[in-house]
Structures are given as C-alpha cells and as structure tokens.
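Written out below as structure tokens is the structure these notes cover.
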Amino acid sequence: MTMLSRVADRLFWLARYLERAEDSARLVHAYTHLVMDIPKGSEPGWDILVRILDAEPHYEEHHRVYSEANVIKFLLADQDNVSSILRSIRAARENVRTTRDVLPSEIWECVNELYLYAQEHAEKCIGRRNRYQFLETVIARCQMINGMVISTLPRGHSYRFIKLGQLLERADMTTRVIDVGAAALLGDERLRSTVDPLIWASLLNSLSAMGAYRREIGPHVEAGAMVDFVLRQSSLPRSVKFCLDGIREELLPLKNNKETLRLVNKARRELSLFDSQVCTREELHIFIDQFQHMLTRIYSSIDRTWFMTDQRLMTAGTEQAAP
Amino acid sequence: MNNSWKSYDAGLFFDEVIAGSGQPRVASRRVVKLLQSLSDEDMASRRAAAELAIREMGISFTIYSEGRNIDRAWPFDIIPRVIPARDWARVSLGLAQRSRALNCFIDDIYNRQTILAAGIVPAEFVLDSGNYNAQCAGVSPRYGAWAHICGTDLVRDKNGRFYVLEDNLRVPSGVSYMLENREITKRVLPELFENYSIQPVDDYPSQLHSTLASLSPRMLRRPCIVVLTPGIYNSAYFEHAFLAQRMGAELVEGSDLFTGDDDCVYMRTVDGPVRVDVVYRRIDDNFLDPEVFREDSTLGVPGIMRAWKAGNVAIANAPGAGVADDKVVYAFVPQMIRYYLNEKPLLASVKTYLCVNKKDREYVLANLDKLVVKPANESGGYGLMVGPHATKAKRAEFARLIEQNPRNYIAQPTLALSTAPTYIDDTVAPRHLDLRPFILQGKETWVTPGGLTRVALTKGSLVVNSSQGGGSKDTWIVENNP
C-alpha cells in the first residue's frame with residue numbers, strides 16, 4: 001500500500017512538532033534547574049534559550065529585555081511564536097486531524113488531550129513552581145504518544161515518516177542542547193571548574209542521559225567527554241549518531257532515496273571525524289552550526305523527494321508505478 | 001413507566017408509529033412497549049449513552065459560523081423509525097426504476113436526444129437549463145450510468161403514501177450518518193434487536209466499492225479508487241473520510257491529483273505517481289476542473305475532464321448528471337419511466353405545475369395560498385414560498401415573479417408530512433420527517449434498506465436540515481411483523 005505525499009508530509013510534521021514540544025520542554029526544564037545551582041552573579045542569561053532556537057528576531061519584535069518571565073512565556077505559551085510549546089502542540093494536532101484515517105484512533109485522542117491541556121495550562125505556568133509540573137506533563141504525554149506509535153502502528157509508510165520526522169527533529173534539538181553549553185560558557189574562563197560540570201550535567205539530564213553517562217564514562221562530567229557522548233554514542237536514543245543511523249534505516253526501503261541517503265551518509269561521516277576532545281568552544285559552536293545546516297539540507301531533500309515533488313515531470317516517458 | 005406516551009397525539013397527520021386509535025402500529029409495537037416500560041431515569045441514561053457514543057465515535061458535521069468552522073456533534077433521536085419490509089419492497093423497486101430511467105435520460109440528453117425529438121420533454125426545458133453541461137455532449141460512460149449515487153428524498157402524506165420530493169444526482173450526502181445511527185441504536189437499545197429481524201445497512205460501503213470498481217477503465221483485480229474531498233473545512237468532511245476508510249480507498253484533495261500528458265489521472269504518492277481509475281468526487285461540477293469550469297477553483301484537478309472524455313478515468317457522479325436534477329425535469333420523470341423502460345411508475349411524484357404552461361400558470365396564480373412555489377434551478381430551499389404560511393405581500397411578489405419569468409418557477413400542493421414520536425426535553429412529541437434512501441447505479445442497481453431519516457425538531461416545522469437544527473433517526477426495515 002502506498003501513501004499520498006500529502007499524508008506523508010503531515011505525518012512527518014506531526015512527529016516533528018511533537019518532538020519539538022517535548023525537547024523544548026526538556027530544555028527549559030533543565031535550564032531552570034541549572035540557573036538555581038549557579039552562584040548569583042555568574043548565571044548565564046535567559047537570552048541563551050531564545051538564541052539556541054534561532055528565535056531572537058521574533059522575540060525582539062515583542063520584548064525588549066530577556067527577563068525570565070518574558071522568555072518563559074515566549075517559549076511556552078506565545079501563540080505567535082512558531083516554536084513555542086503551545087504552538088508546536090497545536091501544529092501537531094492540526095496534522096493529526098487530517099491523517100486520522102492512517103493512525104490508530106487513540107493517537108488522535110491523546111494528541112487532542114495534550115492540546116487541550118496545553119491550551120488551558122501554558123499561560124498559567126510561567127512561574128517556576130507550576131512550570132515544572134507543566135513541563136513534566138508535556139514530556140510525559142509526548143512519551144505516551146511515542147509509546148503508542150511504537151506499540152500499535154504497523155511498520156509501513158505511516159511509521160516510517162513519523163520516525164523520520166521525529167529523528168530529524170531530535171538530532172537538531174540535541175545539537176542545540178550542546179550549543180547551550182557551548183554558548184553559556186563561551187568566553188567565560190573564571191568559573192570554569194565549578195560551574196562547568198553543573199552545566200554539562202544538567203544538559204545530560206535534559207537528554208535523560210545522566211545515568212548512561214555515569215555507567216559508560218564515570219560520575220565526573222567533563223565537557224569534551226559529554227559532548228562526544230551525546231554526539232556519537234550510538235546506543236543512546238537521543239544522541240545525534242543514533243538519530244542519523246535511524247534516519248538511514250528508515251530511508252533504505254523508500255524509493256528514490258539516493259540523494260537523501262547520500263546527504264545522511266555525509267553527515268554521519270562528518271560526525272565521525274569531529275573530535276570534541278581537542279576542539280575549542282568556538283570550534284564546537286561552528287561545527288554545530290554547520291551540522292544544523294546539514295540537517296536542513298536533509299530535510300529539503302526529503303521534502304523534495306517524497307512530499308512536494310512535481311511528479312508531473314516524473315511521469316514523462318517513464319514506467320508508471322502500479323497501484 | 002414514563003407517562004408522556006399517554007398524551008401523545010399527532011393530530012391530523014399520519015403518524016408512522018402511533019395509529020389514530022392511540023395504539024402503536026403493528027410493526028412498532030415492541031419498540032413502543034420497551035420504551036414505555038423504561039423509567040424516566042433509564043430513558044435519560046440511554047439518551048446520555050447515545051450522546052456519549054456520538055462524541056466517542058467522533059460523529060460530527062461542520063458548520064461555518066461567525067467566520068470559523070465548528071464541529072458539531074450529530075443530532076440523533078433514539079426512537080427508531082420502523083417501516084415494514086413489505087411496504088418498503090415496493091418503494092425500493094420504485095427507487096431502482098426511477099434511477100434507471102433518470103440515467104437513461106441523462107445518457108440520451110448527452111447523446112441522441114430521442115426523448116426531445118419525440119416531444120415528450122420540451123427541448124428548451126433541458127438544453128437551456130443551467131444544469132445542462134455542453135462539455136459532456138457525446139460522452140458515453142460505461143453502462144450508460146451517470147448518476148451512480150443518487151439520494152432521493154421521500155416524504156409520506158396524510159395517508160402514509162410515499163412520494164418522491166426530489167432526486168439529488170450531484171453529490172448527495174448523509175449516508176455515513178445512516179450507518180452511524182444504526183451503530184448507536186445497537187449500543188443503546190440492544191434488547192430490541194433480539195425481537196426484530198431488521199435489515200442490516202452496513203453493507204453500503206462494500207456495495208459502493210463494487211459499484212465504483214465496476215466503472216474502472218482498466219481491468220484490474222484492485223482498481224485504484226479515490227474519494228475526492230474539498231478538504232477538512234467542508235461540512236461533509238466526516239463522511240468523506242468515513243467512506244474512504246470503510247472502502248479502503250484513498251481520501252484525496254485536488255492537489256493530490258494531476259493529469260499527465262497521456263490524459264490519465266495520477267495521485268502523488270511517496271512511491272511516485274500512481275494512476276487513478278475511479279474518482280468518487282464530493283465536489284461540485286463547477287469546481288471539478290479549472291481548465292474547463294471555474295478557473296479560480298483550487299479544489300479541482302486541472303485536466304480531469306480531458307481524462308474522463310478520453311475514457312481514462314471514471315468520475316462518479318459523472319459531470320453533467322445534474323441535468324436531471326432540476327425541478328422542471330422532475331415533473332417529467334413518470335413520462336421518462338414509460339418512455340425508456342416501458343413500465344408504469346411505481347412511486348408517486350408530487351403533482352407539479354409548470355408555470356411556463358399557460359394553463360398551469362393560471363391555476364397557480366389563482367391558488368397561491370395553497371401551493372408551494374419553487375424556483376426551478378435552485379436547490380437547498382432557496383427562494384421558495386410556502387403559500388399557506390406566506391403573507392399577502394409575499395404572495396403578490398411571487399405572482400409578479402412568475403409573470404415575469406414563468407420558465408423559472410414550478411408549484412406543488414403543500415403536503416401534510418408524516419410524523420413520528422421524538423424526544424423533546426424528556427417528553428415524546430410528534431415531529432415531521434423525511435427519508436433519504438441512496439440508490440447505486442453501476443453494472444447493477446442497488447437500493448439501501450431504508451435510508452437516512454431526518455426529523456424537524458421544532459414543533460410544526462418542515463425543515464429537516466441538520467444545519468438548521470434538524471435531527472435524525474435510525475430507520476428500520478423489519479422483515480416480519482412480530
């Protein structure tokens with residue numbers, strides 16, 4: 001059974017938006033936690049979160065200062081911010097609304113409930129105390145939906161495009177998490193020994209990877225090792241390496257996958273060549289920037305090949321696929 | 001025991017459940033007995049269960065209001081409407097006969113036009129009508145079938161006799177609600193199914209699938225069938241998705257399809273273009289192909305008319321089928337049945353006066369207070385006057401309109417529509433009904449057992465449309481009298 005390009009497109013974005021909501025929630029959660037651990041006066045600003053999501057121009061249209069309340073409202077509840085958690089959840093719901101016929105009905109119900117929850121609570125959860133509750137609920141519900149996908153969705157095109165959307169978004173968000181670390185500490189040499197481990201540990205926590213790190217590497221969190229771990233540990237589900245391997249695996253059974261596979265393999269190669277243990281923070285930041293660019297190119301290639309292809313061109317003189 | 005049944009009185013109307021004596025009709029006896037035996041609390045809990053089922057099953061229709069779309073839960077009355085199988089058998093035959101004659105007529109009009117040459121239907125009534133589509137001339141769809149899915153509206157008069165009110169031959173909707181209504185009744189009043197032998201309705205999607213598959217231009221074991229929807233904002237989107245899912249067909253929007261240089265229609269899929277054999281379209285003719293009809297349509301598929309004329313894709317219903325969906329043409333259906341089938345019409349039509357004929361016009365103008373006057377080319381109840389309810393000024397206005405443009409008006413006697421008991425705020429009260437069965441026409445003709453019953457929830461009202469506060473009932477064709 002084949003799948004309409006439009007439906008594949010919507011499933012892909014359903015998964016991307018859900019992943020974005022979950023990962024943003026993880027990021028804000030970890031950052032809020034981190035800020036409380038750092039001695040007064042040396043804590044990094046809230047602007048980092050906005051910068052990491054490449055949302056400064058939009059933020060600055062509406063706010064002048066990067067205060068905690070403004071930034072949190074912008075990231076959680078802003079209806080105009082395309083990457084706010086509320087907007088991501090709403091976009092996920094719109095995508096599932098028009099693809100209900102290819103998904104188990106529980107998934108629609110669950111996404112719909114998540115939307116209703118977020119709509120009611122996002123605005124009220126700017127303060128730190130309710131914020132935790134809200135973020136944890138969003139994370140838990142996203143994970144529940146993921147669980148449903150894993151345990152009820154037949155392994156066909158639906159599953160494949162959901163997986164692709166999720167893994168691509170996750171790879172992107174994981175690189176952003178690393179960038180938070182790099183940006184937070186760039187140019188600040190004073191407190192490196194005391195503050196550094198705190199920051200890296202909280203970022204590991206945001207990826208649910210602290211336990212795995214301790215077992216694999218040890219209890220002391222150190223920048224180079226941590227970055228290497230979340231970039232290249234192939235057994236870690238939120239590592240960039242894991243995501244790229246997963247994307248490759250989902251691409252293999254698809255038709256016309258040559259161009260996209262080539263890009264994914266290139267990204268995997270560059271990842272394996274990058275040595276985080278010897279690079280400077282500046283170099284790390286540049287690498288991440290370039291790598292995010294690469295992910296964008298992979299997305300464009302997926303979009304071109306399977307979603308918006310002008311298939312009129314493809315019919316000219318070629319053998320037609322049988323239904 | 002609840003008491004509201006005791007005071008139930010349908011007055012002068014034909015009530016389908018309770019006879020003039022106040023006793024239930026034979027076929028409805030067990031339904032009434034069960035409902036009367038339930039306490040008010042039990043009844044309330046069953047109605048609540050029905051509402052819950054509707055929400056859970058996601059049965060909704062969309063209305064556009066105040067600039068936004070609202071998904072409304074489907075309004076449902078839990079008292080089923082019961083029709084004995086032997087009454088229905090005749091109606092069903094009449095519907096099939098009518099569908100065959102209408103399809104012969106459409107095929108004739110776009111090809112040899114013998115019925116016009118024979119003078120049975122005046123040519124100007126057909127060819128000058130806005131519903132005649134010159135683009136379709138010379139096309140011969142398979143089996144001579146144009147209106148593959150027909151929704152015919154029936155009403156019963158004060159004697160309980162069935163009349164055809166109109167034939168919807170373009171994109172009739174409502175069939176999914178017929179199926180869902182049965183699902184709800186099974187959940188809410190399961191006891192009744194033990195004592196009755198009720199003709200099942202859930203066969204419809206597979207019958208529809210067979211009809212559509214029989215139209216495929218390619219001889220394939222599994223032809224590619226798609227349901228073409230205008231999208232999620234259409235009021236019937238729920239039904240489009242429902243039917244696609246039940247048939248295992250793709251639900252597509254116009255932008256999912258394109259016409260290739262080989263004049264075949266393709267859908268865009270992740271595996272590349274896939275050729276489409278049959279398009280069950282749920283968009284109007286005007287929006288179907290921007291190359292031919294409305295250029296500004298973004299809902300349609302450019303080039304699909306080309307592909308259809310070349311015989312590379314089947315479209316159901318065929319473009320142009322609306323030529324028989326006209327109130328002037330309606331008046332000639334009995335003649336068509338005699339002309340094409342050489343049979344006597346089995347179903348009554350409502351007496352129709354064509355204002356274009358001098359004699360009819362004089363009668364209409366003299367009896368405006370008794371008649372319903374309708375414009376010939378409008379649908380959906382627009383520009384209509386119900387004589388007995390109209391003001392004197394309104395009648396004078398219509399007299400003027402008729403004199404100015406007699407071709408555009410027809411008139412019919414005002415019918416006393418039948419009623420059935422309906423729950424209105426915890427009591428049972430008579431409300432007017434109609435019935436829309438669906439007739440499929442492909443290689444074979446097939447009629448739904450029963451159809452969608454719509455009920456006007458406002459006292460005395462004849463308006464049954466769900467967008468205007470109408471409700472619906474499950475409709476039972478029962479095999480034998482229990």
Side-chain angles (χ1 to χ4, degrees), chain A residues 1-12 93-109 112-113 156-162 164-165 250-251 253-257 260 302-323, chain B residues 55-58 60 62 69 71 213 216 218 220-229 231-234 237-238 240-278 301-303 312:
Chain A
M1 189 70 184
T2 185
M3 169 167 277
L4 287 176
S5 298
R6 175 178 49 84
V7 174
D9 190 10
R10 289 182 187 169
L11 291 175
F12 178 89
R93 178 179 180 270
E94 281 309 298
N95 281 291
V96 79
R97 215 157 92 86
T98 44
T99 47
R100 281 169 72 174
D101 45 326
V102 297
L103 296 175
S105 57
E106 308 93 290
I107 293 183
W108 152 250
E109 281 162 27
N112 194 35
E113 279 166 24
H157 282 316
S158 306
Y159 184 80
R160 188 158 298 129
F161 284 99
I162 284 181
L164 283 172
E250 298 304 337
L251 287 175
L254 284 170
K255 281 189 189 168
N256 308 316
N257 60 6
T260 320
I302 291 175
D303 185 49
R304 220 168 24 247
T305 312
W306 293 289
F307 300 161
M308 49 169 265
T309 24
D310 191 357
Q311 298 191 350
R312 193 181 299 264
L313 300 175
M314 294 168 60
T315 62
T318 61
E319 185 76 15
Q320 306 307 341
Chain B
R55 272 207 306 280
E56 277 178 359
M57 289 154 77
S60 62
T62 313
N69 289 283
D71 236 13
S216 169
R218 289 188 297 175
L220 297 173
R221 204 171 53 80
R222 288 197 59 187
C224 178
I225 300 173
V226 300
V227 178
L228 176 60
T229 174
I232 192 147
Y233 298 114
N234 185 269
Y237 180 80
F238 169 83
H240 307 159
F242 177 95
L243 290 174
Q245 205 172 359
R246 290 289 175 98
M247 287 195 292
E250 286 293 345
L251 179 66
V252 303
E253 294 173 17
S255 59
D256 294 325
L257 302 181
F258 67 90
T259 310
D261 296 332
D262 54 359
D263 285 355
C264 291
V265 173
Y266 295 90
M267 59 180 182
R268 300 169 211 270
T269 79
V270 295
D271 296 318
V274 169
R275 183 169 159 191
V276 173
D277 296 294
V278 183
V301 185
N312 292 332

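Keep in mind that what you see is a predicted model, and the values were worked out from it rather than measured. Computed over heavy atoms, backbone and side chain alike; hydrogens, waters and symmetry mates excluded.
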Legend entry - chain A interface, residue from B/Glu253, B/Glu250, B/Gln245 that has the most non-hydrogen pairs under 4.5 Å: B/Glu253

Inset, instruction - Grab the two heavy atoms, one from B/Val270 and one from A/Trp306, that are nearest each other, plus how far apart they are. - result: O-CD1, 3.0 Å

Legend entry - chain A contact via B/Val252 - which portion, at a heavy-atom distance below 4.5 Å: both

Legend entry - Interatomic distance, A/Arg100 atom CZ to B/Phe238 atom CZ [nearest 0.5 angstrom]: 8.0 Å

Inset, instruction - Between chain B and each of A/Asp101, A/Val7, A/Leu254, A/Asp9, count heavy-atom pairs under 4.5 Å; write down the option with the most. - result: A/Asp101

Inset, instruction - Without swapping roles, check the side chain of B/Thr269 against the backbone of A/Leu4 for a donor-acceptor pair under 3.5 Å. - result: no

Legend entry - Atom of A/Arg6, atom of B/Leu251 and distance for their closest heavy-atom approach: NH2-O, 3.2 Å

